[in-house]
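The next block holds one structure in the form of structure tokens; read it before the comments.
Since the model is a prediction, treat every value here as computed from it, not as a measurement. Whatever order the structure lists them in is the order used to number ligands and atoms, beginning at 1.
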Amino acid sequence: MSFYSPVRTNAAEAASDEKLHLFTYVEDPEQHTVKRYEEHGGYTAWKKVLADMKPEEVIEKVKNSGLRGRGGAGFPTGVKWGFVPKDSPKPRYLCCNADESEPGTCKDRVLMERDPHGVIEGMAIGSYAIGCHLMFIYIRGEFGHCIDRMEQARKEAYEAGHLGKNIYGSGYDLDLIIHTGGGAYICGEETALLNSLEGEKGLSRIRPPFPAVEGLYASPTIVNNVESLAAVPHIINRGAEWYKKLGTEKSAGTKIFSLSGHVKQPGNYEVELGFSLKKLIYDEHYGGGILGDKKLKGVIPGGASTPFLTPDMIDIGLDYESLVEQSSMLGSGAIIVFHEDTCIVWVILKLIHFFRHESCGKCTPCREGTGWLEQIIRRIEAGEGRKGDLETIEDLCGNILGRTICPLGDAAVMPIQSALRLYREEWEYHIENKKCQVKSHYPFK
Ligand SMILES: Cc1cc2nc3c(=O)[nH]c(=O)nc-3n(C[C@H](O)[C@H](O)[C@H](O)COP(=O)(O)O)c2cc1C
Ligand code: SF4
């Protein structure tokens with residue numbers, strides 16, 4: 001039996017606002033069927049692409065739209081597609097990254113469960129753009145309901161002629177393989193994902209070569225996030241100019257934010273990039289304010305690997321540039337809110353425990369450093385901190401940041417560095433008084 005996520009969405013708003021598009025139909029209980037998807041205009045973009053567009057025109061259109069990857073790094077999607085070598089004799093592959101393991105992130109899950117054909121259509125268009133005839137979707141193994149829905153959608157897409165041989169009589173063949181992961185966070189990192197798809201251990205690869213040049217089975221491969229690909233049919237249908245006008249100048253389009261933690265109405269909200277973080281947390285249509293009407297203590301804005309924001313920093317737009325200006329990142333768009341009773345040392349302990357556990361162990365700074373960090377932070381949290389511990393933590397973080405094979409090392413230390421900078425007194429209180437100064441160690445009460 002698989003579990004369906006009853007997560008709150010702003011689909012009603014999306015249905016009446018023509019700028020929002022990813023969530024327009026996600027509350028329709030039949031949207032996951034090919035019949036309903038087609039009734040809502042589904043697969044028209046794929047038909048249009050195969051009938052009227054050359055691959056390079058598709059790439060150009062996606063480039064012009066300003067779409068940037070929604071998996072975390074925000075790299076321009078069309079530019080990435082353009083990196084696939086045109087003269088390579090090898091097959092090309094497209095892998096949709098549906099591993100979604102970043103703590104706090106649960107947006108791709110909703111798209112796959114409730115609008116799986118939208119994901120398949122985006123993947124198909126991306127595949128055509130890079131000359132791929134075999135595409136993969138790598139789904140987090142724990143997402144039983146997504147896997148069921150994607151398998152059903154795949155079957156229906158073949159039966160309806162959207163996938164398979166000579167699609168719509170165009171002469172283009174395209175197949176889809178659904179692959180389920182084994183529950184490792186690192187397998188969301190694109191090169192570890194490719195190793196895992198090949199049946200190897202999920203260890204990250206040293207780059208270069210980048211996957212676009214040498215990826216799956218040493219062939220040119222594009223790895224894209226579910227949300228990035230789901231935006232593509234809308235760009236084809238409504239045009240690059242329409243998409244570019246959404247959001248801000250450098251952060252085009254809409255984004256789904258997964259809002260969790262101490263808010264009254266946690267959920268997934270699709271908004272234009274640049275939308276106010278404060279409004280998302282406090283507005284009655286979104287987060288609805290802080291649980292128990294308590295004071296806000298801090299926010300992690302883009303998933304567990306992004307630096308904290310303090311209450312005076314939340315009056316900003318949710319876009320790639322504004323968050324960098326606040327020394328943080330948009331990441332995967334998972335916003336975790338903490339109220340005044342939260343022990344920041346406890347939060348950091350939970351995070352470093354996660355990253356230490358999920359480190360693939362290939363490089364020394366991450367493998368050893370995350371373990372040492374966890375030991376020291378656990379000691380401080382337990383009231384056994386020592387003088388000099390904070391300096392040792394800082395030194396360790398400095399020796400991990402930028403010195404690892406993949407960004408998991410950076411992800412592990414950036415929240416710690418920001419917590420030390422922004423909540424220093426709380427750490428010092430823990431060490432000096434051998435106890436915590438806030439009421440609860442459990443932030444989700
Ligand atoms: C440790 C780690 C975990 C990641 N997990 C995911 C994930 O679950 N889903 C995802 O799309 N990207 C994840 N990424 C980012 C991918 O490596 C890659 O950048 C992304 O899938 C590219 O797609 P995009 O350009 O459409 O964003 C992760 C990166 C790291 C370093
Ligand atoms: S940074 Fe960590 S997860 Fe990434 S390759 Fe090194 S050991 Fe593995």
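Contact annotation: for Ser204 versus ligand 2, heavy atoms closer than 4.0 Å belong to the side chain alone.
For ligand 2 and Ser359, the ligand atoms under 4.0 Å from any heavy atom of the residue are 2 (Fe), 7 (S). Atom numbering of ligand 2 starts at 1 in the shown order; those under 4.0 Å from a heavy atom of Lys362 are 7 (S), 8 (Fe). Close contacts of ligand 2 with Gly361, meaning ligand atoms under 4.0 Å from a residue heavy atom, involve 7 (S), 8 (Fe). Short contacts between ligand 2 and Gly409, defined as distances under 4.0 Å to a heavy atom of the residue, involve ligand atoms 1 (S). Every atom of ligand 2 with a heavy atom of Ile405 under 4.0 Å away is listed here by number and element: 5 (S). Interface of Thr404 with ligand 2, defined as ligand atoms under 4.0 Å from a residue heavy atom, comprises 1 (S). Contact atoms of ligand 2 toward Cys363: 1 (S), 5 (S), 6 (Fe), 7 (S) (distance under 4.0 Å to a heavy atom of the residue). Close approach of ligand 2 to Ile186 is summarised as follows: ligand atoms under 4.0 Å from at least one heavy atom of the residue are 3 (S).
Side-chain contact between Thr254 and Val271 is absent, with no heavy-atom pair separated by less than 4.5 Å. Side-chain contact between Leu309 and Leu277 is present, with heavy atoms from C-beta onward closer than 4.5 Å. At a threshold of 4.5 Å between non-hydrogen side-chain atoms, the residues Leu216 and Phe136 count as touching.
Remark: aromatic rings of Tyr286 and Tyr269 are close, center separation under 6.0 Å.
Within 4.0 Å of ligand 1, counting heavy atoms only, the contacting residues are Gly69, Arg70, Gly71, Lys80, Asn97, Asp99, Glu100, Ser101, Tyr185, Gly188, Glu189, Glu190, Val223, Asn224, Asn225, Ser228, Pro407, Leu408.
Between Leu351 atom CG and Phe355 atom CZ the span is 6.0 Å, to the nearest 0.5 Å.
Ion pairing of Arg421 with Glu394 is absent here, as no side-chain N (NZ or NE/NH1/NH2) approaches a carboxylate O to less than 4.0 Å. A salt bridge does not link Glu56 with Lys54: every distance from a Lys NZ or Arg NE/NH1/NH2 to an Asp or Glu carboxylate oxygen is 4.0 Å or more. Electrostatic pairing of Glu190 and Arg205 does not count as a salt bridge here, judged by no charged N lying under 4.0 Å from a carboxylate O.
Scanning the protein for heavy atoms near atom 4 (Fe) of ligand 2, the closest one is Cys406 SG, 2.4 Å. With respect to atom 2 (Fe) of ligand 2, the closest heavy atom belonging to the protein is Cys366 SG, 2.4 Å.
By the 6.0 Å contact criterion, NZ on Lys278 is open, its count of non-hydrogen atoms from other residues, nucleotides or ligands being 12 or less.
For a distance bound of 2.8 Å, the N, O or S atoms of Cys360 include none lying that close to atom 2 (Fe) of ligand 2.
Panel note: side chain Ser170, backbone Ile167; a donor-acceptor pair is recorded below 3.5 Å.
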message = As a quick check of understanding, evaluate side chain to side chain contact (heavy atoms under 4.5 Å, CB included) for Glu113 and His32, giving each step before the final call.
response = CA-CA 7 Å; Glu113 280 180 1; His32 63 281; over 6 Å; no
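For the pair Lys350 and Phe354, the cation-pi criterion (under 6.0 Å, within 45° of the ring axis) is not fulfilled.
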